[in-house]
Amino acid sequence: MTSDALMVLLVEDNPGDIDLIADMLEERESFRLMACERVTSALDYLKKHPVSLILLDLSLPDSQGLCTFTRIHSQAPHIPIVVLTGTSDETIGLSAVKAGAQDYLVKGRVDPELLTRTITYAVERKRLEQTLGESEERLRNVVDSVREVIFHVDQNCVFTFLNSAWSRILGFDVGDCIGRSFFDYICAEDQPRCRELLASLLQRDIDSVRHELRLWRKDQEPAWVEVDMAISPGSDGQPVGMVGTLNDISQRKKNEERLVFMATHDDLTGLPNRNLFEDRLNLAITHAARDIRKVAVIFLDLDQFKLVNDSMGHDQGDILLRIVASRLLETVRASDTVARLGGDEFVIVLPDLDAEDGAIFIARKVMKAIELPVFLNGQEFFVGGSIGIAMYPKDGLTIRQLVRNADTAMYRSKELGRKQICFYSPEMNEKLLERLMLENDLRRALDKNEFEIFYQPKLSMSSGRIIGFEALLRWRHPARGLIGPEEIIPMAEATGMILPIGSWVLRTSCEQLVQWHRLGHRDLCMAVNLSARQFWQEDLVEGIAAILADTGLAPCHLELEITESSVMRNADDTIFTLRELNGMGITLSIDDFGTGYSSLSYLKRFPIHALKVDQSFVRDITQDADAAAIAQGIIALGHTMNLQVIAEGVETESQCDLLRRWECNAMQGYLFGKPQPGAEAFKMLRSIM
Ligand code: C2E
Ligand code: MG
Ligand code: MG
C-alpha cells in the first residue's frame, strides 16, 4: 500500500456488504478502507482522521434515508460522498446527488472495476468543484472591490447581476435589487433619454453608450452617475442583455455646478452677477420684442453705503449688502431678476410689463424695503437709495443702452437729493455730457489758475473777536461762473485731482495767513479742510511739513478739519497719522460732527482738539427741542472730553444766545461773516478788531 493511497470511510451496518467492498478494494494498492456501522461513529471518526471519500449506506441503525446523507455532508462538506442504495430505492441515490453527493452505486450491481472508477472520479470531481468554487470566489472578491458598479441586465433591463459598489453608492442591498428594473432607480427627467439609448443599443444602431444620468439613492437623494453599457451577446451572437459599469460622478457634478454658479453669481450676496444679469435681460428683451411687451431695468445705488463701510468697517458693510440683497429678493417676483453689479449697485429686471406703472410700483416697494432701519453692531442705520429706471423699448433696444440710461436716471436721482425714483429721459444724457465736460475742465483748472479760496471768520464766544479763518475752495469757471466745493470735491476725488488741488489750497491759504501775520494779526489761525482721499495719501505728513517750511508758517497756526467718516475709516491707522500731525504742533478738529457714526470709544483715543457741531443741528435749535437737545449734548460731550466746541452755520442772534448759554467755545456762520475772497476778509478783520 502506498503512502498517498486514498482513505475510504465505509459507513455500512451490513457485515456482508462490508466484506464485499473490502474484498473489491483489497486488490487495489491505492485504497485504504475503514468501516463504521453508525452515523455517530462515522462522525466521530471524521473528527479525528483524514478521509478522502465516504461510501455511505443510507439505511443505518441510527439513521434512515436522505437524512443520513445530509447529517454526514453537513459535518464534512469538503469530503466527496458516494451513496450506496439498494436496487429497490435507486431514486434516493439521485436525490442525494442533487443534494451534493458526487455519485451513487446500487448494491448488487457493483464490481471492483466500477467501484474503483466511481471512487476515483468522485474524488476528482469534488476537487474540481472546489477549485471552481475558489476561483469563483476570487473573481467575486475582485469584482466587489472595484470602485465602479458592474452590472448585467436582461433584455427587459432587469438586473441579473450587481457588484457591491451598487450598495456603496446608492445604499440599497444588492440582493433586493436583483430582479428589479434598472428604470426603477433612474430619476424621471433622465428616463426618456435612457430609453432611447437602450433602444439604439438593442437594435444594434450603436455598439456601446456612455451617458450621464441621475439615480435615486436609498435616502431619496439623487446621485449623478456615468454609465457605460454594451450589448451582452448570447452563444448565438444575439443580444441577451447588457453589461455595463456605473461611476459615481456626484462630486464632479457638484464642482461643475459650483463653478457655473461662481461664474454667474456674486460671491457676497449670492445674487446673479453681471454675466447672468445680461443673459436674463437679453432673454427678456427677446420675449418682449416678440410679444410687443415692455421690460424695465431698475438701477439702485445705496445712499449711505460708503459712510457705513468707512465708519463701521468692511465686515459690517458686507452684512449691509447681504441684508439689502435679501430685502430686494423679497420685493420682486420669482420671474424678476435681482443682480448685484458691484459695490453698492444693484439692478432689477422686470420682464413682460404692459406699462411703466408696474416698474414704478416695484421701485416704490424697493425704496420702502431699503429705507427700513438696519442694525449693525447693535447700532441702527437708515440707508436708503437712489433709483433710476429705463424702459425697453422706449429708452433703448440693447442691454448696453438700457443699463447706461438706467444708470444715468439713477444719477439724476442722486442729484435731486437722493432717495428719489427717476425715469430716464434723453435730456439726462445732456446733463451727463455736461458733467463729463466739466470733469475735463477740472483737470486743467489748476494750470489755468481758476481756483480761488474764500475765507470765513471764526469768532471766540468769550471775546467776540476773530480768532481765525476757514479756507473754502471755489472754482471760477469761465462759462459757468462760481462753482462751490460740494460740486468740485466729489469730481476732484473721482478724477484723482483732489491731491494736487488739496495741496494748492493748503499752500495758498498758508501763504495768505503768513501775509496777515506780517500785517500785525499775529494770533490768527487758518483752518483747512482735508478730504478722506487726501488723508490716505502716504506722504501727507511730509507734504504738510514741506508747505509749512516753505511758507514759514508756525504749525500751531494751522488747523486741519477732518470729517468723521474719514477719521473712522481704518481707525487704528488714523490714530497713527493724527499723532504725527499732532506731534508737529498742528491743531486737529472733527468737522460736521454728529452726522457720521463715530464710535466714542475711538474718539477718546484720537489726539483731537475740537469738534465742529454740524450746521444741521444748529439750524433748528431755536424751534426744535430735539435739535436743541442734540446740540447741547454734543457741546457737553466735547467739554467732558476736554475738547473745544465750535458751532457752524450760526445765522441768527437767538441761535448765538443759546449757544453762548451752553458755553460753546467758538462760532462760525453768516451772522458774523460769509466766506469771502482774501481782500474782503482782510477788510472785515480790520473793521471788527
Ligand atoms: P464745511 O467745512 O462744513 O464748511 C462749512 C460750509 O458751510 C461752507 O460751505 C460754508 O460756506 C457754509 N456756511 C458757513 N456758514 C454758514 C451759514 O451760516 N449758513 C449756511 N447755510 N451755510 C454756511 P462751502 O464753502 O460750500 O463748503 C462746503 C464743504 O466743502 C465744506 O464744509 C467742506 O467740507 C468742503 N470743502 C470746502 N473747501 C474744501 C477744500 O479746500 N478741500 C476739501 N477737501 N473740502 C473742502
Ligand atoms: Mg470745514
Ligand atoms: Mg462743517
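Order of appearance sets the numbers: ligands from 1, and atoms from 1 within every ligand.
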Ligand-residue contact atoms, ligand 1 with [X], heavy atoms, under 4.0 Å:
X	value
Glu561	2 (O)
Gly669	15 (N), 18 (O)
Ser531	44 (N)
Val650	18 (O)
Glu470	1 (P), 2 (O), 4 (O)
Leu530	44 (N)
Glu651	17 (C), 18 (O), 19 (N), 20 (C), 21 (N)

Open item on the list: Would you call the rings of Phe682 and His521 parallel, tilted or perpendicular, taking 30° and 60° as the class edges?
Closed with: perpendicular
If we set the cut-off at 4.0 Å for heavy atoms, which region of [X] has an atom near ligand 1: side chain, backbone, both, or neither?
X	result
Val528	neither
Lys674	neither
Asp592	side chain
Glu648	side chain
Pro675	side chain
Ile501	neither
Gln668	neither
Val505	side chain

Task: Minimum-distance pair of heavy atoms, taken over all atoms of Pro457 and Met684 - done: CG-CE, 3.4 Å
- [ ] Please report the shortest heavy-atom distance between Gln655 and Arg619, naming the atom on each side.
- [x] NE2-O, 3.1 Å
TODO: For the atoms OD1 of Asn529 and OD2 of Asp591, give the angle they form at the Mg ion (ligand 2), rounded to 10 degrees.
DONE: 80°
Spell out, as yes or no, whether a donor-acceptor pair under 3.5 Å connects the side chain of [X] to the backbone of [Y].
X	Y	result
Arg364	Met367	no
Asp266	Thr269	yes
Arg605	Ile575	no

Open item on the list: With carbon and hydrogen excluded and only N/O/S kept, which atom of Glu561 is nearest the Mg ion (ligand 2)?
Closed with: OE1
Task: Minimum-distance atom from the Mg ion (ligand 2) among N, O or S atoms of Glu470 - done: OE2
Task: Minimum non-hydrogen distance to atom 26 (O) of ligand 1, winning option of Gly484, Ala471, Pro485 - done: Pro485
TODO: Have a look at Tyr670, Trp504, Phe451, Phe593 and point out the one with the heavy atom closest to atom 18 (O) of ligand 1.
DONE: Tyr670
Task: SB check Glu430 Arg435 (cutoff 4.0 Å) - done: no
Task: Backbone or side-chain N or O of Glu486 under 3.5 Å from ligand 1 N or O - done: no
